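Inspection log for the structure reproduced underneath, given as structure tokens.
Along the sequence shown, the residues carry numbers beginning at 1. Here the structure is a predicted model, which means the values were calculated and not measured.
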Amino acid sequence: MDEAKAAVSCVQNVLDPLIPALLADKNWKFIFIEQAFFQRWWRDQSEAVQSITKQFVSTGQLELINGGCCMDDEAASHYIDKIDQTTLGHWFIKEKFTVTPRVGWQINPFGHSAVQAYLLGAEVGFDSFFFSQIDYQDRDK
């Protein structure tokens, strides 16, 4: 890999070396969250790499968690937009990998909306939901 490409931070530079790393060690696991970026990478892959990636997803070595196109901005997004972008991401995962994400992931550095856990928790079938930035009063309760 040339140095200019290595210096650029992008999903391709995360996922391309991931495939041989997961092949080299079956005990390694990796999670990926935002489907908008994953799907761009996926479209550029050969059928062989796509097949290997499908195998990783089926064995749990690669887990596509949350499954939305992005982690939405909870302060500005309308709940319909949250549902739509999550549905689009889940549709892709179901179509390509025949799995449904079971873990929610919303690491929002600015806090969370009151509706987020409801819409993207039990309503989409998640078994667990990870988030950051809880209000100290909620944490104390």
Side-chain angles (χ1 to χ4, degrees), residues 1-136 138-141:
M1 175 184 311
D2 86 332
E3 290 180 22
K5 184 176 178 184
V8 176
S9 182
C10 67
V11 173
Q12 182 178 351
N13 289 343
V14 172
L15 292 174
D16 282 354
L18 176 69
I19 301 304
L22 291 178
L23 281 169
D25 190 338
K26 302 289 186 214
N27 293 313
W28 284 18
K29 295 184 184 289
F30 191 82
I31 62 169
F32 201 89
I33 292 115
E34 297 182 310
Q35 286 304 297
F37 299 110
F38 182 85
Q39 290 174 29
R40 289 180 195 163
W41 174 82
W42 174 264
R43 285 190 299 264
D44 292 339
Q45 301 313 302
S46 67
E47 286 184 27
V49 171
Q50 288 182 354
S51 179
I52 292 167
T53 304
K54 286 179 180 182
Q55 179 184 346
F56 291 148
V57 172
S58 72
T59 63
Q61 255 189 294
L62 173 60
E63 188 173 0
L64 303 172
I65 66 172
N66 206 52
C69 292
C70 65
M71 285 188 284
D72 54 79
D73 180 336
E74 295 183 39
S77 300
H78 191 273
Y79 73 94
I80 294 297
D81 298 324
K82 294 171 188 272
I83 293 168
D84 286 350
Q85 68 93 12
T86 300
T87 300
L88 286 171
H90 281 219
W91 175 82
F92 171 84
I93 294 169
K94 187 72 165 177
E95 179 185 85
K96 300 297 181 187
F97 304 102
T98 64
V99 298
T100 302
R102 305 301 304 164
V103 176
W105 183 276
Q106 187 70 6
I107 307 301
N108 185 328
F110 303 110
H112 302 282
S113 68
V115 76
Q116 187 72 24
Y118 174 75
L119 288 176
L120 300 182
E123 290 301 305
V124 295
F126 290 153
D127 296 327
S128 57
F129 189 77
F130 293 89
F131 62 94
S132 67
Q133 301 296 338
I134 188 169
D135 181 86
Y136 75 94
D138 292 332
R139 186 188 67 234
D140 290 345
K141 287 182 184 179

Checking [X] side chain against [Y] main chain: does a donor-acceptor pair fall under 3.5 Å?
X	Y	answer
Q61	W28	yes
S51	A48	no
Q45	Q50	no
T53	V49	yes
T87	I83	yes

is_close_aromatic(F32, W41), centroid dist under 6.0 Å: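 No, they do not, as the ring centres are separated by 6.0 Å or more.
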Chi angles and distances behind the side chain to side chain contact (heavy atoms under 4.5 Å, CB included) call for R40, V11: CA-CA 9 Å; R40 289 180 195 163; V11 173; over 6 Å; no
When you compare the side chain of [Y] with that of [X], does any pair of heavy atoms fall below 4.5 Å?
X	Y	answer
F126	P101	yes
W42	F92	yes
V103	N66	no

For the [atom1] atom of [X] and the [atom2] atom of [Y], what is their distance to the nearest 0.5 Å?
X	Y	atom1	atom2	value
Q39	C69	CD	SG	5.5 Å
E34	L64	CD	CG	12.5 Å
D81	T86	CG	OG1	10.5 Å
S46	I52	OG	CD1	7.5 Å
F56	K29	CZ	NZ	11.5 Å
L22	Q55	CG	CD	10.5 Å

Minimum-distance pair of heavy atoms, taken over all atoms of K54 and K96: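 Shortest heavy-atom contact: CE-O, 3.2 Å.
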Other residues, nucleotides, ligands: >12 heavy atoms within 6.0 Å of E47 CD: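 For E47, atom CD is not crowded (no more than 12 foreign heavy atoms under 6.0 Å).
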Worked check of side chain to side chain contact (heavy atoms under 4.5 Å, CB included) between L62 and F38: CA-CA 12 Å; L62 173 60; F38 182 85; 4.3 Å; yes
Derivation and outcome, side chain to side chain contact (heavy atoms under 4.5 Å, CB included), residues T100 and I93: CA-CA 7 Å; T100 302; I93 294 169; over 6 Å; no
Step-by-step side chain to side chain contact (heavy atoms under 4.5 Å, CB included) determination, V99 to V57: CA-CA 8 Å; V99 298; V57 172; 3.8 Å; yes
